[in-house]
Peer 1: 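Provided herewith is a single structure, encoded as C-alpha cells, for subsequent inquiry.
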Protein chains: 2
Amino acid sequence: MTSPSRSFPPRPVSKISQSDIAAACGVSEMTVSRVLRGQRGVSGDIAARVRNTARSLGYVPNRIAGALAGARVPLVAVIVPGMSNMVFPEVLMGLNAGLEGSDLQAVLGFGKYDTATEAQVLAELLAWRPSAVVLTGLEHDDTTRAMLARADIPVVEIMDSDGTGIDGVVGVSQHGVGVAMARAMIAAGHRNAVLLRSAQQGDRRQDSRFRGFEETLRAAGVPVLGSLSYNGASSVPKGRALAATALSHWPEVDFLYCTNDMIAAGALFALQAAGRKVPEETGLAGFSGLEFLDGITPRIATTDTRRFDIGRSAARMILSRLAGAPRGAREEITPRLDRGQTLRG
Amino acid sequence: MTSPSRSFPPRPVSKISQSDIAAACGVSEMTVSRVLRGQRGVSGDIAARVRNTARSLGYVPNRIAGALAGARVPLVAVIVPGMSNMVFPEVLMGLNAGLEGSDLQAVLGFGKYDTATEAQVLAELLAWRPSAVVLTGLEHDDTTRAMLARADIPVVEIMDSDGTGIDGVVGVSQHGVGVAMARAMIAAGHRNAVLLRSAQQGDRRQDSRFRGFEETLRAAGVPVLGSLSYNGASSVPKGRALAATALSHWPEVDFLYCTNDMIAAGALFALQAAGRKVPEETGLAGFSGLEFLDGITPRIATTDTRRFDIGRSAARMILSRLAGAPRGAREEITPRLDRGQTLRG
DNA sequence: ACATCCCATGTTATCGTTATCACACCGGCA
DNA sequence: TGCCGGTGTGATAACGATAACATGGGATGT
C-alpha cells in the first residue's frame, strides 16, 4: 500500500481472452464461459470446438476477472509462523493433500510468531477475497479477529486445541500431550524430571504442554527439579549443551523432557557422552515425531502430533464448511505417544 | 476447471468498498483510490480524511478489482517439487526474505517431481496473472515453455545451473559439486567409492552430481565400484540398510557418496554398527547440509548448497527484472564443501 | 393443431478498481 | 489583460469474466 516509486513495465498485453475464442468459434462469450467451466447445457459439438480452439490458442483463464464477476475465489489463505523446522512443511503437505480434488489453492503467508505481523499478513491475503482462512494457534490480535468477523468466511485454527476458537479448530491438546507424557514417565519409574525448553516468547503450545506435564507430576508428588531454556532456533548441539548443564546442575536427574526432538537428540548424545545409561539411569523424551529420529538408537520417546493429519483435517473442514456445514466444528487429533527406547521398562 | 458439483453459498456481501469511503468523505472514488495507493497530487487535508475513514470503516482493498483494472498483480508464482525434506522450505524462507520490503507475495504450487504436473500447476497459477514465476530445475514440459513465452513475465529457474535457462537462473552446478567431492575424496586418500542414490525418476540434479563425481574418479583412474538405489522418500533407516548392503556386496569399499545427508546419516550408523572405523577405514559424504546433522559425531562431510541464499537471490533477480534489468541473468551460488570428520586426513 | 416446456444459446448488467482525459482554479509573466 | 503551465479533483471507460434473464425453436402432450 505504500510503494513510493513503482516504475514497472506495463502489464503484458495481447492475451487471449474468452472473447477471442468466442469470435474464432462464432459463438457468444457466454457459451465459451459455460464450456470452459464444464457447465452442461451446451451441445457436444460446440463444446468440443470451443475446447479445441481454447487449447490451440493457448488460452489461460483469467481468474481475476472471474473472481470479480462473482465467482467464488478458489483460494485458501494460510498463515503459519514460519518454516524453520519440518513442522509446518508437513502441515502444508497435509493441507495440500486434503485440498486435492477440489479446485482450492493454498496461499501462504508467514506470521513470524507475532500476532501483529500475522494481522498484517492476513490483511494482505484477505485483499484477495479468499474462500477460507487457516491460522496457526488460538491466539490472535483484535485486528485479526475483527477482519475475520467482517470477512465472514470459514476460519480454521490449527495445531492447538486447548481453548476456544473463532470458528473451526483442528489440533492436539498440548496440555494433554504433557499429561500423557508425565504419566508414561511415572509408570516407567522415573522420578526426577528436568525440562529443556525454548525461551521463545509466547510459545503458547510449549507452555501448555509443559504445564500439563508439571501439574501431573506435582499431583503425583514428584515435582520437576527445574528447567533450562535456550534462545533462538532449536538444534542438536543446543540440546547437547543444555543437557550437559542439566546433568551438572541436578546430578540426581533421571528424566529429561525436551521441547522438541532436535533438542532431545542432542540431550541423548550428552547423556551418552556423560556415560549415563539410557534409559536405565536417565530417560528422556522429545516432542514432534520428526522423521529423522527414526535412525538414532536408542529410539527417542516422543509424541507424534500427526502434523500431516492436522493439515488434511483442516482442509476437509474447510471443504465441508464451504459445502454448507455449520460453523464451530472441532476436531481433536489424538497424538501418538511413542515410548521409543528411552523410557524404562 | 472441472468441478462437477459446485454448491457454494454466495460470496460474502456487504463489503466496504472505495465508493463507501468516497461517499463518507464527500470526494470521488478516484481521489480515494489515489490516496490509498499513496499517489501524490492529493491535498494533505483530504488524504488524511480518506485514510482515517478507511481505517474506521475497516476497509480491506480488493486486489482482484485492482488487478483487473490494470494494476500490477503483486504475486510471484513459485513451483517447487514438494516439501518432504528441508530443502524447499529453506528456499522459500530465502525467497520470502528477499521479497520482504517489496509488496510481492509468493504463491506456492507443488510440481511433484513431474513435468506434466508442473505444467498443470503452472497453468493454475498463471490464471492469476502473477508478475513473475519461479521454477525448480531446468527441465520442463513444452507446454510449460509455451505458456511462459506467452505470459512474457520474468522467469527464474532455481537450484540447478548446469544448462541454459528460459530466462534467469540461480543455482549451483550440481556437476561441479560432484567434481569437487571427488577431488576431496581422492585427496583424502580414498579409492573405492560406492554411490547410494535415490531411484527417483528424472532427478536431474542427482544425476549430474553423480556424473561429475564418476567422471572425475574415472579420469583419476579410480572408478566407482558401483551404486545402490532406493525407492521412495529418503530416511535414515533406508540409508542404514543401503549401506549395510553395500558393505557386504563390496567389502573393499572405503567411501560412500550418498545422495543426501539423511541417507549419509544412516550410512554412518551402518558403518559404526559394522565396526568400521570412520574415516580411517571407510569415509563417507552426503549432500545438502541439513542442519540436524550438526549434532552427530563424527560430523558428516557434505556440500551445503546454500538453499536460503538461492531463494534470496531468486527474489532479488525478480525484483531487478521488474525494475527493468535485462532478461537472462545468471547467478552461480558457490556451494560450500564441508569436509566434516568423515574424510581422512 | 395449439399450447407448453425444455434446451441451447444470446444479451445485458455488474463486480471494484485504475487509466485516461477533461476541467476548473491559481499564480506568474509578458 | 490574456496566455501559460501546473495542480488538485472529477467523469468516463475500460479490464475479462459470470449471473440473471431473455429468446427462439423443436419436442411433447392432448
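The analysis underlying the following values was restricted to heavy atoms, covering all of them including side chains, and did not include hydrogens, waters or symmetry mates. In this text, all values refer to a predicted model and were calculated from it rather than measured experimentally. Just so it is clear: chains get the letters A, B, ... in the order the sequence lines come, proteins before strands, and each one is counted from 1.
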Peer 1: Among D:dA17, D:dT9, C:dG10, which is the nearest nucleotide to the side chain of A:Ser17?
Peer 2: D:dA17

Peer 1: Is it true that A:Asn52 and A:Arg49 share a donor-acceptor pair across their side chains at a distance under 3.5 Å?
Peer 2: no

Peer 1: Out of D:dT9, D:dG10, C:dA19, which nucleotide sits closest to the side chain of B:Val42?
Peer 2: D:dT9

Peer 1: Between P on C:dT18 and CG on B:Leu36, what's the gap in Å once rounded to a whole number?
Peer 2: 8 Å

Peer 1: Quick one: A:Arg37 CZ to C:dT9 C1', roughly how many Å, whole number?
Peer 2: 14 Å

Peer 1: Check every atom of D:dT9, D:dA17, D:dA11 against the side chain of A:Gln18 and return the nucleotide holding the closest atom.
Peer 2: D:dA17

Peer 1: Donor-acceptor check, side chain of B:Ser313 to backbone of B:Asp309, threshold 3.5 angstrom: yes or no?
Peer 2: yes

Peer 1: Among C:dG16, D:dT9, C:dA19, which is the nearest nucleotide to the side chain of B:Asn62?
Peer 2: C:dG16

Peer 1: Go nucleotide by nucleotide along DNA chain D from the 5' end; which of A:Val32 and B:Glu29 gets its closest nucleotide reached first?
Peer 2: B:Glu29

Peer 1: Side chain of A:Thr31: nearest nucleotide among C:dT18, C:dT9, D:dG10?
Peer 2: C:dT9

Peer 1: Round to the nearest Å and state the distance from A:Ile64 atom CD1 to D:dC15 atom C1'.
Peer 2: 10 Å

Peer 1: Side chain of A:Ser43 only, please: which of C:dA8, D:dA19, D:dG16 is the nearest?
Peer 2: C:dA8

Peer 1: Within the 3.5 Å criterion, strictly below it, is a donor on A:Thr53 or A:Ser56 matched to an acceptor on the partner's side chain?
Peer 2: no

Peer 1: Out of D:dG16, C:dA19, C:dT18, which has the shortest distance to the side chain of B:Ser33?
Peer 2: C:dT18

Peer 1: Between B:Lys112 and B:Glu118, does any NZ, NE, NH1 or NH2 come within less than 4.0 Å of an OD or OE carboxylate oxygen?
Peer 2: no

Peer 1: We want to know whether A:Asp114 and A:Thr117 form a side-chain donor-acceptor pair, criterion being a heavy-atom distance below 3.5 angstrom.
Peer 2: yes

Peer 1: Can you check the B:Arg72 CZ to D:dC15 C1' distance for me, whole Å?
Peer 2: 17 Å

Peer 1: Given C:dG16, D:dT18, C:dT9, identify the nucleotide with an atom nearest to the side chain of B:Ala69.
Peer 2: C:dG16

Peer 1: So does B:Arg34 reach the base of D:dG8 with its side chain, donor to acceptor, closer than 3.5 Å?
Peer 2: no

Peer 1: Tell me whether the side-chain N/O atoms of B:Tyr59 come closer than 4.0 Å to OP1 or OP2 in C:dT17.
Peer 2: yes

Peer 1: Give the rounded distance in Å between these two atoms: CD1 of A:Ile46 and P of C:dC7.
Peer 2: 16 Å

Peer 1: Of all the nucleotides listed (C:dA19, C:dT17, D:dA19), which has the minimum atom distance to the side chain of B:Met30?
Peer 2: C:dA19

Peer 1: For B:Gly41, which contact category applies under a 4.0 Å heavy-atom criterion: base, sugar-phosphate, or nothing?
Peer 2: base

